[in-house]
Amino acid sequence: MTNETWGLVREELIKRVGRNNYVTWIEPLKFSDLKQGVARFEVPTSFFGDWVSRNFADHIRAQLNTAGAQVDRVEFAVGAARPASAAAAPVTRAPARAKPAAISARPAEAEEMPGAPLDSRFTFDSFVVGKPNELAHAAARRVAEGGPVTFNPLFLYGGVGLGKTHLMHAIAHELQTRQPHLRVLYLSAEQFMYRFVQALRERQIMDFKELFRSVDVLMVDDVQFIAGKDSTQEEFFHTFNALVDQNKQIVISADRAPGEIKDLEDRIKSRLQCGLVVDLHPTDYELRLGILQQKVELYRSQYKGLVLADGVLEFLAHRITTNVRVLEGALTRLFAFASLVGREITLELAQDCLADILRASDRKLTIEEIQRKVAEHYNIRLSDMIGPKRVRTIARPRQIAMYLAKQLTPRSLPEIGRRFGGRDHTTIMHGVRKIEELMSTDSQLADDLQLLRRLLQG
Ligand code: ADP
Ligand code: MG
């Protein structure tokens with residue numbers, strides 16, 4: 001590969017990672033060489049290298065391969081011939097920035113927000129709205145208008161693959177289009193922690209604080225990640241408060257409601273609950289069909305001449321109920337396969353090609369099945385699962401069943417409560433917590449759980 005190829009690839013990367021990220025992270029990279037499948041780049045600092053490696057290496061590798069270079073791995077090393085902090089030799093481009101946190105010194109216009117890349121496909125236009133997600137969508141829309149802050153934070157939660165990240169990116173895109181001067185910072189909670197730890201190590205904690213306090217909109221994805229990570233939580237809490245005090249919008253996502261995130265400090269929980277908490281419910285048939293129809297429209301331009309038999313989409317929407325990501329994956333595979341073999345996509349083809357996915361989605365576990373298995377295992381009566389007895393020999397298996405119901409089905413705590421003889425959702429939560437606690441100390445229980453899980457999931 002030549003420097004020229006890299007030049008072209010770089011331009012392509014703008015589309016992938018967005019202008020801001022490009023200027024901050026990609027432009028300063030200097031291509032060194034490509035040997036035996038390893039592409040090497042020079043970076044100004046080791047922090048820079050780490051960050052690029054964590055956040056953009058996959059994009060870079062993929063793009064290099066698309067351009068015809070055979071790259072298995074990309075590596076970043078601080079330039080050997082010169083001190084890390086010195087500006088690059090007088091090449092054409094602007095000198096690399098040593099650290100991105102110097103932002104606040106610059107005028108509001110040409111600022112770059114060192115967040116995670118936004119996926120250009122995740123927009124409001126491509127988000128299909130249905131009953132299960134209409135509230136979350138409406139709230140996201142409201143935030144994306146960028147008007148006065150009415151609820152803070154917006155807390156989106158829901159199971160995996162239901163569109164949380166999609167909505168967050170959509171908000172960021174929309175805000176950037178409507179108000180380009182706004183400083184919108186999107187990142188995952190994991191990246192927040194990573195940056196924090198890095199700042200501690202490099203003694204740049206003031207820069208870190210300044211950066212996070214100088215944004216207009218902060219979006220942190222998958223916040224459950226910082227549970228149990230004490231100093232990160234602490235810093236997050238302070239950042240959060242500082243921004244709320246300045247009336248800056250915060251958007252948070254998690255895989256469960258604030259109150260249900262284990263090992264998250266209570267003061268953070270209550271702060272997170274102060275704004276608007278909305279959940280994305282598991283998809284229903286109509287939503288799944290809508291999403292499939294929309295994806296098919298998109299694919300049509302890619303795979304010209306493909307014919308889709310009647311009933312295939314309905315079949316998929318009916319059978320694949322796990323999450324949208326799986327649904328999308330199924331469709332992609334189906335189209336790729338059909339275009340390879342050049343055949344019409346019939347119901348039979350779909351069944352063949354997606355056999356594994358269909359089988360996996362088939363086993364939709366019910367709470368009743370869980371109760372039955374657990375009762376069997378502990379040799380108690382099924383009726384005791386829903387009955388009022390409180391002796392340990394019955395109460396404990398009941399709690400185990402509650403725990404498994406929470407883990408293995410998409411049912412909410414109140415729904416689970418109803419199936420356990422109309423118990424309150426707090427009772428279920430207590431049961432789930434109890435088992436979570438015991439699991440780490442009681443190895444017999446841990447074994448039982450593993451066995452039950454295996455039995456239930458086949
Ligand atoms: P989460 O962050 O909740 O785990 P994602 O936002 O990553 O889920 O969504 C998983 C995939 O499903 C993405 O490709 C996303 O575009 C798609 N998706 C989810 N919900 C919808 C929707 N309502 N309309 C269109 N695509 C969706
Ligand atoms: Mg996500």
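As the structure is a computational prediction, the values presented were derived from the model and not from experiment. Atoms within each ligand, like the ligands themselves, are counted from 1 in listed order. Numbering of residues begins at 1 and proceeds along the displayed sequence.
- Ion pairing between a basic and an acidic side chain is recognised when a charged N comes within 4.0 Å of a carboxylate O; Arg267 and Glu234 show such pairing.
- Under the 6.0 Å distance and 45° angle rule, Lys295 does not count as a cation-pi partner of Tyr299.
- Note on ring orientation: taking the six-membered ring where Trp is involved, the planes of His169 and Phe122 are tilted (angle from 30° to 60°).
- Taking the charged nitrogens against the carboxylate oxygens, Arg16 and Glu12 have no contact shorter than 4.0 Å, which rules out a salt bridge.
- Below 3.5 Å of separation, one finds an N or O of Val128 facing an N or O of ligand 1.
- Residue-level proximity to ligand 1 for Glu328 is carried by the side chain, the only part with a heavy atom below 4.0 angstrom.
- The existence of a salt bridge linking Arg10 and Glu27 is excluded, since no basic side-chain nitrogen approaches an acidic carboxylate oxygen closer than 4.0 Å.
- Classified by interplanar angle (parallel below 30°, tilted 30° to 60°, perpendicular above 60°), the ring pair His166/Phe127 is perpendicular.
- Looking only at protein heavy atoms, the nearest one to atom 2 (O) of ligand 1 is Thr165 OG1, 2.7 Å.
- At the shortest separation from atom 25 (C) of ligand 1 among protein heavy atoms lies Ser126 O, 3.2 Å.
- Within ligand 1, the atoms closer than 4.0 Å to a non-hydrogen atom of Val160 are 4 (O), numbered from 1 in the order shown.
- Exactly one of Phe237, Phe236, Phe225, Tyr186 qualifies for a ring-ring contact (aromatic ring centres under 6.0 Å, His included) with Phe192. That residue is Phe236.
- Remark: minimum distance from atom 8 (O) of ligand 1 to any protein heavy atom is reached at Gly163 N, 3.2 Å.
- At least one test fails for Arg398 against the ring of Phe420: distance under 6.0 Å to the centre or angle within 45° of the axis.
- When only interatomic distances are considered, the shortest N/O to N/O separation between His166 and ligand 1 falls below 3.5 Å.
- Taking 2.8 Å as the limit, the number of protein N, O or S atoms around the Mg ion (ligand 2) is 1.
- Taking CZ of Phe124 as the start and NE2 of His173 as the end, the distance is 10.0 Å to the nearest 0.5 Å.
- Ranking protein heavy atoms by distance to atom 4 (O) of ligand 1, first place goes to Gly161 N, 2.7 Å.
- Checking Arg325, Lys295, Gln294 against atom 26 (N) of ligand 1, the nearest heavy atom belongs to Lys295.
- The shortest contact between atom 12 (O) of ligand 1 and any protein heavy atom is with Val324 CG1, 3.2 Å.
- No N or O atom of Leu167 sits closer than 3.5 Å to an N or O atom of ligand 1.
- Close approach to Asn133 involves these atoms of ligand 1, each under 4.0 Å from a residue heavy atom: 23 (N).
- A 4.5 Å side-chain heavy-atom check between Gln233 and Leu264 finds at least one atom pair inside the cut-off.
- Salt bridge Asp356/Arg359: absent, no basic N to carboxylate O contact under 4.0 Å.
- A cation-pi contact, defined as under 6.0 Å to the ring centre and within 45° of the axis, is absent between Arg271 and Phe240.
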